[in-house]
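Here is the structure we will look at.
Lettering of chains follows the sequences in order, A, B, ..., and the numbering in each one begins at 1.
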Amino acid sequence: ILSATVDAAADTQGTSAPETVVPSSVPQPKDDFQEELVIRPLHSGDIYASFQFRTLWDTDFMRENKVSHYRLFPKSLGQVISKFSVRELHISFTQGYWRTMQWGQPFIPSPPGAELWVWFQDSVTDVDATWKELTNVLSGIFCASLNFIDSTNTVQPSASFKPLGIGNVTDHSFLRYATLPREIVCTENLTPWKKLLPCGSKAGLAVLLKSEKLFHSSFHSQAVHIRSVCQDWQCKTTSWELRQTVNSVFDLHNSGQAKREWSLFKMFSRTLTEACPLASSSKLYIDITDNPQQFELSPATSLLSQAVVLGDRRTFSVYDLTQETTFGSVRSLNLLIRWKSNEGEMLRPLLHAERYVAGYGLQTGEIHTLMYNNHPYRSFPVLLLDSVPWYLRLYIHTLSVTSKGKDNKPSYIHYEPSKDRVKPHLLEMLIQLPPNSVTEVTVQFERALLKWTEYPPDPNHGFYVGSSVISSLVPSTVAMDTNSTRERPLFSSFFPCKEESSYFVRIYTEPLLVNLPTPDFSMPYNVICLTCTVVAVGYGSLYNLLTRSFQIEEPNPGLAKRIANVIRKMRGVPPL
Amino acid sequence: MGLLSDPNRRRALISMLTRLNAPICVVCYFAGVAWFMGLAFEPFTLRTYMSENAMGSTMVEERFPAGERALATGREFAAHKKKVGGMPVDWLVKNMQDRGLEVFTQSFSRTLPFPDENKERYIVKGTNVYGILRAPRAPRTEALVLSAPCSPGDSNNQAVGLLLGLAQYFRNQIYWAKDIIFLVNEHDLIGMQAWLEGYHHTNTTGMSWSPLQGRGGSIQAALSLELSSDVITSLDLVLEGLNGQLPNLDLANLFYAFCQKIGVLCTIQGKLQRNDWDSVSGYSHAVQTMMLMVMKQASGRPWGDHGLFLRYHIEAATIKGVNSFRQYKTDATTIGRLLEGMYRKLNNLLERLHQSYFFYLMPSLSHFVSIGYYMPAFGLLAVILLLRQSSPGVLSVLTPLVISHLTGVALYALPIRFQETAVEHFPVSETEAVVLTAIAIYTAGLALPHNTHRLLSGEGTEQGWRVLKLIAVLYLAVLLGCTALINFSLGFILALTLVPLAAFVTPHVPKVLSAFILVILSPACTLLFSVFFFQELQEMPVSFQDGWLLYLSVISQGILDHSLYGSLVYPLIALLVYPCWLLFWNILFWK
């Protein structure tokens, strides 16, 4: 959604029609490739770089005769779509945590680790089997441990993950969502990702994606989003959209009061020399909203673009890489920005969240999720999705939601209890966040004792609980600013216009690392066990000796005597 | 076990045990003591070694350059501290922010149950300041803590300066995989308790604090730094924490390894290591070191700010800079490099520290005694209690049992409750009132046996005291066994004093002499002797007058530790050990 607005900005600049060379004899389905890079200096002094590569293809993977001729669209993904009847697929690999309080909202949010959510076509009969197979295939394509996705970490959210493409699906039995918070993302995941691009990393913006610099950042996230979109405004036919994104935050901290300086070469150790020849549009955006007078861009550009991104009106300087003049006489673009250290305070993000485990000891604990609504006067609802592994046994009766010290009753709760070793807890709630408040969701849990074969090789590291997902329509800061008559005509600003009044935000909390009671798998433990056994046996015998009274057993009496005794017993006289 | 199942040999064994019962007990007692003293003998101990592979070699190149600048920062901090007359919160926040940390503050307040005369505080209000260095590309799941207390007066300014210097240096490094939290806590342990409770959102001691805004996930390890001079001669490692808990031995190993590598003199219990283990003085040095550790651990107090971390399963230690009159001096850059090395190693951890021992004693920094070696010493003492059990009978001794425990409850609960009343009626301060009430109740307990057994139906029968003694001895065995498992030192010291009296006491022994011995070996007197012994070990002997004052303050500290940090020693003594001792007192005065 947010990138759509960026695209809208790109469209205002007059994107030329796709220049694909189509043989006139056969009516080939049209495809189109666009690339762009948005760079935003953040208030914390870091630099946020967001790459987007978008491939559009007017084809139908679901028709009877299989699509076999691929041009810009990667064949591996096309085959996945048709084989597994995928309606929509979103996969992200993230290393690091997006610091909302320092950096604001990202263009494409993603949780630490790997996240995968897929909507299947309603023609799929056995969704679970298809999902299992799909994760294994994707695991191969992206060189990731997606094959660890199984029923114990897959959930079917009822409300939080609606399709982003066209199609009005409401049956969430065709949706599968899973995260792997422990997944480590590195070059081995980046290389297959780059191979999906039409130009690879040979030309265009992708030359900047060198792993030695990319993995030298504070945050790295790469994602693939596949969905179907309308071909035209009438929406009679659909085309498939593949969006590949990379989001990075580079740490440019210097402790002194020196002038901040930044260049493409410093950040990526490469400069740009050309656009991808297959791209219909290739653009570089620099966000200069915060203090345009303090920025010093070289080479300078006259192209400016305005867009409402994440509810905030931003101004961008635009470099069109398809134009020869952009590269100048040196035939290379090494963008350089200098600016004075900014004193201005960042606008607090209207919505942010944090999560932690409270308590101590290895028996119980409490998960606290804090959601902050920093809007001064408007309340808004959020959808909270929590997927907790089965080995944390949630005491759902202890669930409490409080805002401003008062009980806050969620208007919708969807809870699926876990099943040991089969499926996780799923908790979805629709909560109204009062203005300028902190809402705290707490639930207690008990730590399960696993079977000894179920522990990983490093049991003392702890067990991960994936991020909570908070989805919301947040009132836009543009709408908040009722006095913004400077740039807009008066007649347009009385009623807050619908598109800009709120925007969609999805934020992820930190994953949790929880220690479970772990047997000591080491030698001292065995020694203690053995010693205790020996002591118990020794002490038992000794105690037995000290307390029991012993007497010598009488020799076995003869038969006659025994009979006599029986008779005497019947007579009631003491035996012989 | 063939020996035990054969009735003839069994009978022989039993007769031997009953015939030689008293000599065996005496032998066991002295063997236990001898075993314990042998633990400090170097050939009987193990060399420390790094168990955790992730911290295995010390192949880290330390480059911290800015010791002088850190000291300058410390001086600046001192100036601001003086100006504000407390914690210079704003200055610290700004400084940490300039160093690129995410900075948060936490305010807390606590009213002590009675005024603490040692530290002169009653109503405590303060602010903790902490900055989080976010590790790049880390998902906020793990963190390390470096803390320095903001102490009143001129102490610890250098620690804060070095903390800020390290923060600045660490911020520019790329290798961090765990968030690092730099914490400056006010009012030492109370501030630390507030911060830890806030971080883990628990409230065990009724302190009020403002919730924390920023966290770094689960804390893996913590170091607390105390440094009061620009140059130091040695670094002292403090391990003993709340309730006698110790951090994983690997943390001590890590410190020792880096001291060796960088060439810093390091001590434990303020005692240097000596090589002449075969000489008498070398051995007595090791015994002193170990006894100091035993005394400190038995006290159950946190001996540094790290002590409170251990409850949360966070391995922590305090590093103290000592400036004595030695020639060899170490500057702040070297200490910075040492800490840098340690944090880089801790940063490499893949799992929590768990490979090495959690139960150990250290006769020197390079040698340790593990649980497997010291437990037999305790076992030899405890076995006496088992050998002294006489034949079981009917439970008819409920009255002395209940009355003893009620006395214990009174000792636990009344001193704080009745401080106002005491202050009204006697010319004493609140602290004195609490301590003196405690001693009064303790002494009053001695008068009880004259009254308790009159309430019994079968007054003073032979059978009665035997049953009571059986129960008391079993009670003591279980109590000491459990204590020794958690806090060996406390268990051992209690066993050393309580076991002999438990073994010999009957109503038939000479009354006056036995009563005297019983009082001498009672928990309160043990504490009094411990105070003198501890001072002796620290080579700071005190006169009886001073020792008595110290004794009173130790009692008040014990009660305070219980209510402030949840230390368990005072309730253990008041509710379990003291009633148990009263049972023996009862037995003595049975007729």
Contact class of R355(A) relative to chain B, heavy atoms under 4.5 angstrom: neither

Any side-chain heavy-atom pair of R311(B) and H200(B) under 4.5 Å: no

Distance-only side-chain donor-acceptor flag, S403(A) / S437(A), under 3.5 Å: no

Any side-chain donor near an acceptor of the partner, Q444(A) and T442(A), under 3.5 Å: no

Contact class of H368(A) relative to chain B, heavy atoms under 4.5 angstrom: side chain

Interface moiety of S218(B) toward chain A, non-hydrogen atoms closer than 4.5 Å: side chain

Chain B contact via Y356(A) - which portion, at a heavy-atom distance below 4.5 Å: side chain

Aromatic plane relationship, H352(A) with Y372(A) - under 30° parallel, 30 to 60° tilted, over 60° perpendicular: parallel

Between E197(B) and T204(B): side-chain donor-acceptor atoms closer than 3.5 Å: yes

Q95(A), part contacting chain B, at a heavy-atom distance under 4.5 Å: both

Region of P181(A) in contact with chain B, defined by heavy-atom distances below 4.5 Å: neither

Pairs of heavy atoms under 4.5 Å with chain B: top-ranked of L512(A), L370(A), N515(A), V514(A): N515(A)

Close side-chain approach of W98(A) to P109(A), heavy-atom, < 4.5 Å: no

Close side-chain approach of V145(B) and F309(B), heavy atoms under 4.5 Å: yes

Max heavy-atom pair count under 4.5 Å with chain B, selected residue of R99(A), E354(A), H220(A), E366(A): R99(A)

Toward chain A, the part of L350(B) with a non-hydrogen atom under 4.5 Å: backbone

Option in G113(A), S218(A), G462(A), P112(A) with maximal non-hydrogen atom pairs under 4.5 Å from chain B: S218(A)

